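The block underneath contains the structure these notes are about, expressed in structure tokens.
What you see is a predicted model; the values in this text were computed from it and never measured. Quick note: residue numbers are just sequence positions, from 1. Below, each value reflects all heavy atoms present in this structure, side chains not excepted, and no hydrogens, waters or symmetry copies.
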Amino acid sequence: PVLTNAELEAIRRADRPGIKAITLPALFPVAEDGEGLRRAMEALCAKASQAIDDGCTILILSDRGFDKRMAPIPMALAVGGVHHHLVRELKRTRCGIVVESGEPREPQHFAVLHGYGAGAINPYLAFETIESMILNGQLEKVDTTKGLKNYVKAVNKGILKVMSKMGISTLQ
């Protein structure tokens with residue numbers, strides 16, 4: 001359920017019959033406050049529906065590209081909103097939802113996103129933080145590959161623990 005940056009790029013560039021991915025920005029204009037967030041959610045849902053109509057089978061909801069003008073839509077809101085919109089339109093079974101976000105760090109964050117409809121998650125900011133800590137010598141006796149592998153393993157185990165406490169028996 002946790003995708004590395006390389007795995008996400010492979011999905012983004014997948015060129016096989018029946019597999020087509022699109023990246024949908026999950027951002028809203030800061031200056032427009034709550035009304036801007038509402039409009040951005042409506043636009044995100046409309047783009048998701050249109051993408052499915054255009055033959056996309058994987059929707060990548062991404063908060064990359066945020067800045068002073070554009071804030072990230074809270075990813076649980078984005079995923080849950082798109083998921084339920086597609087259920088209402090009878091299109092949800094025609095696509096998978098993948099998250100590319102700087103938000104998730106802890107297993108509970110991942111479990112919430114999975115519970116709201118995400119099939120896989122790329123926590124790019126967590127990966128960048130680990131890489132930076134290794135390069136700056138804050139994490140000793142581990143190289144970047146091992147550090148990222150350890151993080152993914154820990155998050156996967158944590159997700160299973162959260163799910164087991166909720167009565168959900170398996171996740172692969």
Side-chain angles (χ1 to χ4, degrees), residues 1-29 34 36-66 70-128 148 151-153 155-160 162-164 166-172:
V2 179
L3 297 175
T4 64
N5 293 341
E7 291 167 334
L8 178 64
E9 286 309 310
I11 290 170
R12 201 183 312 269
R13 295 185 179 145
D15 188 17
R16 297 184 185 135
I19 298 177
K20 182 179 175 185
I22 186 171
T23 301
L24 302 173
L27 304 170
F28 74 98
L37 175 59
R38 186 188 63 73
R39 281 196 300 271
M41 277 300 301
E42 288 174 357
L44 180 61
C45 290
K47 288 176 188 173
S49 289
Q50 186 60 52
I52 292 170
D53 291 343
D54 293 342
C56 292
T57 56
I58 301 172
L59 307 178
I60 303 170
L61 305 184
S62 178
D63 64 16
R64 278 194 185 263
F66 66 88
M70 300 297 287
I73 295 172
M75 199 49 74
L77 176 64
V79 171
V82 168
H83 169 82
H84 285 288
H85 172 76
L86 295 176
V87 166
R88 283 189 300 272
E89 290 200 341
L90 304 176
K91 296 180 181 181
R92 181 60 181 97
T93 58
R94 294 169 45 192
C95 72
I97 297 176
V98 173
V99 168
E100 178 182 36
S101 178
E103 279 185 34
R105 297 172 306 281
E106 301 173 12
Q108 293 84 352
H109 301 157
F110 291 83
V112 166
L113 292 172
H114 285 298
Y116 279 38
I121 301 163
N122 169 252
Y124 68 85
L125 188 57
F127 290 150
E128 290 173 12
L148 296 177
Y151 176 74
V152 170
K153 183 177 179 180
V155 168
N156 284 334
K157 283 186 172 188
I159 292 169
L160 286 173
V162 169
M163 293 177 74
S164 71
M166 295 172 56
I168 301 169
S169 60
T170 62
L171 174 68
Q172 295 181 3

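- The two residues Gly119 and His114 have their closest heavy-atom pair at O-CE1, 3.5 Å.
- Between the CD1 atom in Ile11 and the CG atom in Leu3 there is a gap of 4.5 Å [rounded to 0.5 Å].
- Closest heavy-atom contact between Ala78 and Ala26: CB-CB, 4.3 Å.
- Under the salt bridge (Lys or Arg N to Asp or Glu O under 4.0 Å) criterion, Arg105 pairs with no residue at all, not counting sequence neighbours.
- Looking at every heavy atom in both residues, Pro72 comes nearest to Phe28 through O-CE2, 3.6 Å.
- Here CD1 of Ile22 is found 7.5 Å from CG of Asp54. Values are rounded to the nearest 0.5 Å.
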Please determine whether side-chain contact (heavy atoms from CB on, under 4.5 Å) holds for the pair Val82 and Ile97, giving the CA-CA distance in whole Å, both sets of side-chain angles, and the decisive distance to 0.1 Å.
CA-CA 9 Å; Val82 168; Ile97 297 176; 4.0 Å; yes

Let's go through Leu148 and Val152 carefully: what are the C-alpha distance in whole Å and the side-chain angles of both, what is the deciding distance for side-chain contact (heavy atoms from CB on, under 4.5 Å) to 0.1 Å, and is it a yes or a no?
CA-CA 6 Å; Leu148 296 177; Val152 170; 5.6 Å; no

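- Using a 4.5 Å heavy-atom cutoff, the side chains of Asn122 and Val98 are not in contact.
- In this view, Lys91 and Asp53, Glu89 satisfy the salt bridge (Lys or Arg N to Asp or Glu O under 4.0 Å) rule, not counting sequence neighbours.
- Every residue was checked against the salt bridge (Lys or Arg N to Asp or Glu O under 4.0 Å) condition with Glu7, not counting sequence neighbours, and none meets it.
- At least one side-chain heavy atom of Leu59 sits under 4.5 Å from a side-chain heavy atom of Leu86.
- For the pair Ala14 and Ile19, the tightest heavy-atom approach, listed with the atom from each and the gap, is CB-CG2, 3.7 Å.
- To the nearest 0.5 Å, atom CD of residue Gln50 and atom SG of residue Cys45 are 13.5 Å apart.
- Remark: Glu9 pairs with Arg12 by the side-chain hydrogen bond (donor to acceptor under 3.5 Å, both in side chains) rule, at least two apart or across chains.
- Every residue two or more places apart in sequence or in another chain that forms a side-chain hydrogen bond (donor to acceptor under 3.5 Å, both in side chains) with His83 is listed here: Arg92.
- Residues Tyr116 and Leu77 have side chains not in contact (no heavy-atom distance under 4.5 Å, counting atoms from C-beta outward).
- Residues Pro1 and Ile121 are not in side-chain contact: their nearest non-hydrogen atoms beyond the backbone lie 4.5 Å or more apart.
- Here the shortest heavy-atom pairing between Leu44 and Pro25 reads CD1-O, 3.7 Å.
- With sequence neighbours excluded, the residues that form a side chain to side chain contact (heavy atoms under 4.5 Å, CB included) with Val155 are Val2, Phe110, Tyr151, Ile159.
- The side-chain hydrogen bond (donor to acceptor under 3.5 Å, both in side chains) test applied to Arg88 returns no partner, not counting sequence neighbours.
- Residue Pro29 comes nearest to Gly36 through the heavy atom pair CD-O, 4.3 Å, listed as atom of the first residue, atom of the second, then distance.
- For residues 107-128, the salt bridge (Lys or Arg N to Asp or Glu O under 4.0 Å) pairs, not counting sequence neighbours, are Arg64-Glu128.
- For Tyr124, the side-chain hydrogen bond (donor to acceptor under 3.5 Å, both in side chains) partners at least two apart in sequence or on another chain are Asp63.
- Expressed to the nearest 0.5 Å, how far CD1 of Ile52 lies from OG1 of Thr57 amounts to 9.5 Å.
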